[in-house]
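Each remark here refers to the structure printed beneath this line.
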Amino acid sequence: MSQVTTQPSVEQPSVDQIWEWLDAVPDPEIPVISLVDLGIIRGVEWQGDTLVVAVTPTYSGCPATAIINLDIETALRDHGLDKIRLETKIAPAWTTDWMSEKGRAKLEEYGIAPPQAAGGPERCPNCHSKNVTRVSQFGSTPCKAHWRCQDCLEPFDYFKCI
Amino acid sequence: MAATLTKDEALFQFLLRMGDNTLILGHRVSEWCGHAPVLEEDIALANTALDLIGQTQMWLGLAAEVQGDEKSADDLAFLRDVWDFRNVLLVEVPNEDFGRTLMRQFLFDAWHSIQLGHLMTSSDDRIAAIAAKASKEVAYHLERSADTVVGLGDGTAESHGFMQAALDYLWPYVGEMFSSDDVDAAMVKAGIAPDPASLRADFDALVGRVLADATLNIPESTFAHKGGRTGAMHTEHLGHLLTHMQWLQRAYPGANW
C-alpha cells in the first residue's frame, strides 16, 4: 500500500478530550453515574483515523450492554466523530474496584449504597445508620442486591462488590 | 470417533458442553419468571437465568468461532435440534417445585464453580477469560443456592420433605458431570480443561458439607443417568423445552431485529 498524505478534514480530538466526553454519557440503568465512573470504558485510542473504544460488560448477561454501546456511539457521533469502532473486552473481568470515587459518592447520594469489600453496605444511603440487613442477594438489576435499614426502615439497593 | 477427532473438533464439543449447560439451565430457570413464591425469589431466579444466558453467549460465541462457517451463538442456540445438544441431563429436567429447582441449581452451581476455577488457568486464553468473568457471577449463584438449600432442608418438616425428595430425585443425575470421554482426554492433553473425574473429590466435600448443614441425606446409590454431554441420549424433556425456546425461529425462520 502506498503512503498517501492527506490533510485531515477536522483535527482529531485528543484522547483526554474523548474521555471527558465519555464521562458525560450516563449509565442507562443508573443515570447519576457515567460510564467512566462505572469503570467499564477500558481504553480509548486512535488507530489511524479510527477511534477505538474498549468496553467491558459489568455482568455477562446485563441487558444494558447493547444500549451502552449505542449510547457511546451516539455521543461520539454527536461530537462529530464518524469512524468509531467499539471492542468488547472481557479480560481482565470488570470489578467494582474500577468504580470512581466520584461515582461512589453519586451512587450514595442517589440512594444506592456503593460496593464495599466487606460484601455488604457500610451504611444506609438515606439515614446513614449502620444497622442494615440483607433482604435478598439479588436486586432490581444484576449488579445490585436488596437491603433494608433497620432504623429508618427504608429498603435500598446495594451495588454488589465483585 | 477417537481416531478422527481433531483438536478443534474436541474443542468445539467442549465449548458446546459448557454453553449448552448454561443455555438450557438458564432457560429452565427463566421459566420461573413471574411465578416464584415471593418477589425476592422471582428476581433472584431471573437474575441467575440472565447471568447463565450471558455466559452462554460467550461460550457458544467462541464455539461458533472455532467451528468457522460464519455461524453465531444464536445459530447454535436456536437452529440445532435435540441430538446436537451437549448439556448434562441434570439441567434439562423440569423445574417441578421451588425446592427441586433450588436443589438442581445448588448441585449445578457446586460443579460449575469448581470447573470454572480450573478453567481460569486454561492454556486457551479465551477460555480463561470467559471462566474468570463467569466465576464471579457463579460465586453468587452458589452462595444463594447453598443458603436456600440449608434454609429449606433445615426448615419445617414440610420443606425438609420437599428438599429430601428433590435430592433423591436429582442425585442420579450428578454422576454425569464427572464422566470422561475422548473429548475430555483431548482437552486435558492440550491443557485446556481438567478431567471431569478429577473434580469429584472437591464436589463431594462441598456438597457433603452443605447437605449435612441442611440435615439432608445423600442417597447411597451411585447409579448415574448419562447421555446428555455426549449427545447419545437426552431425556424426553429437552425436546419439549426446545419447542418453547426455539419457537420463534421455527415459526419465522431467520427472523431477527
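In what follows, every chain begins at residue 1, and chains take the letters A, B, ... in the order their sequences are listed.
Residue A:Thr95 touches chain B through both its backbone and its side chain, counting heavy-atom pairs closer than 4.5 Å. Heavy atoms closer than 4.5 Å to chain B are found in the backbone of A:Cys161, but not in its side chain. Within the 4.5 angstrom heavy-atom criterion, no atom of B:Leu52 approaches chain A. Interface remark: A:Pro57 contributes backbone and side-chain atoms alike to the contact with chain B (heavy atom separation under 4.5 Å). Heavy atoms closer than 4.5 Å to chain A are found in both the backbone and the side chain of B:Leu50.
With chain A as partner, the option from B:Ala134, B:Gly54, B:Ala128 having the largest number of non-hydrogen pairs under 4.5 angstrom is B:Gly54. Each of B:Leu45, B:Ile130, B:Asn47 has some count of heavy-atom pairs under 4.5 Å with chain A, and the biggest count is that of B:Asn47. Taking chain A as the reference chain and counting heavy-atom pairs below 4.5 Å, the highest number among B:Ala132, B:Ala44, B:Ser135 is found for B:Ala44. Ranked by non-hydrogen atom pairs under 4.5 Å with chain A, the options B:Asp125, B:Ile43, B:Asp147 are led by B:Ile43. Across A:Ala91, A:Pro142, A:Cys62, A:Ser136, the residue that shares the most heavy-atom pairs under 4.5 angstrom with chain B is A:Pro142. Of the listed residues (A:Thr58, A:Thr88, A:Thr65), the greatest number of heavy-atom pairs within a distance under 4.5 Å of chain B belongs to A:Thr58. Comparing B:Glu41, B:Glu143, B:Gln57, B:Gln55 by how many heavy-atom pairs each has under 4.5 Å with chain A, the most go to B:Glu143.
Panel note: side chain A:Tyr158, backbone A:Gln116; a donor-acceptor pair is recorded below 3.5 Å. At distances below 3.5 Å, at least one donor-acceptor pair connects side-chain atoms of B:Arg28 with backbone N or O atoms of B:Glu92. Distance alone, capped at 3.5 Å, places no donor-acceptor pair between the A:Asp37 side chain and the A:Ser100 backbone.
Atom CZ of residue A:Arg104 and atom CE of residue A:Met99 lie 7.5 Å apart, to the nearest 0.5 angstrom.
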query = Run the side chain to side chain contact (heavy atoms under 4.5 Å, CB included) check on A:Val25 and A:Ile41 step by step: do they pass?
reply = CA-CA 11 Å; A:Val25 181; A:Ile41 310 286; over 6 Å; no
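Surrounding CZ of A:Arg148 are at most 12 heavy atoms belonging to other residues, nucleotides or ligands under 6.0 Å away.
A heavy-atom distance below 4.5 Å is not found between the side chains of B:Lys71 and B:Leu79.
Between B:Asn95 and the options B:Gln105, B:Arg100, B:Arg104, a side-chain hydrogen bond (donor to acceptor under 3.5 Å, both in side chains) holds for only B:Arg104.
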